[in-house]
Amino acid sequence: MTIEIRPVTVQYDRDIRQIIEQVGKEFGAFGEGFGPSDPEVQAMSQHYLPQQGALYLVALKDDKVIGGCGVAPFSKEKNVCELKKLFLLPESRGLGAGKQLTIECLAFAQQFGYAACYLDTLSNMTTAIHMYEGFGFEYLDKPMEETLHGKCDVWMLKKL
């Protein structure tokens, strides 16, 4: 069983949108102030352009999209990017896809020249938080000012 990681393209937009919405609902992260409600979710391939410092990757198992994760500019002044929309189908968790996606996103961020990576999430996403800790993300006391996701309750930052 291998997990294949690919950049998002138009052919994956519908599948990853459905996964983001389904998993968002599962964890209570749906509606205003949560990532799954961002307009970009409707067509991820149109919003994550590597030449603009953004990359969204999808994970496939047996040619089926099982999840995704991205990185995009957060604050140009501070040279900070944001790890965004890491969502995996329930049946695909524990296979290492989240780790693979995060490794590739952070590698892209470093290659692009970002100095740090921010993320916000929910405290009930304990498995993801544990993974972020393992990657060296450190807790912040409050969200960074530019955040769009005011309903999240965990904020982390990693120096790259």
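In this chain, numbering begins with 1 at the start of the sequence shown.
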Under a 4.5 Å cut-off applied to non-hydrogen side-chain atoms, are [X] and [Y] in contact?
| X | Y | answer |
| --- | --- | --- |
| E40 | Y48 | yes |
| M44 | R17 | no |
| L160 | L106 | yes |
| P90 | Q22 | yes |
| L88 | L101 | yes |
| R93 | V23 | yes |

State the [atom1]-[atom2] distance between [X] and [Y], to the nearest 0.5 angstrom.
| X | Y | atom1 | atom2 | result |
| --- | --- | --- | --- | --- |
| L86 | L57 | CG | CG | 10.5 Å |
| L60 | I66 | CG | CD1 | 7.5 Å |
| Q52 | H47 | CD | NE2 | 10.5 Å |
| L83 | D120 | CG | CG | 10.0 Å |
| K85 | T121 | NZ | OG1 | 11.5 Å |
| I19 | F87 | CD1 | CZ | 11.0 Å |

Donor-acceptor contact below 3.5 Å, side chain D15 vs main chain K64: no
Is the count of non-hydrogen atoms from other residues, nucleotides or ligands lying under 6.0 Å from E145 atom CD greater than 12? no
Pairing of K61 and E91 as salt bridge, 4.0 angstrom limit: no
Ring centers of F135, F137 separated by less than 6.0 Å: no
Taking only residues at least two apart or on different chains, which pairs with a member in residues 134-144 satisfy side chain to side chain donor-acceptor pair (under 3.5 Å)? E133-Y139
Linking I/L/V/M/F/W/Y whenever their side-chain heavy atoms sit closer than 4.5 Å, directly or via other members, would I16 and L49 fall into one cluster? no
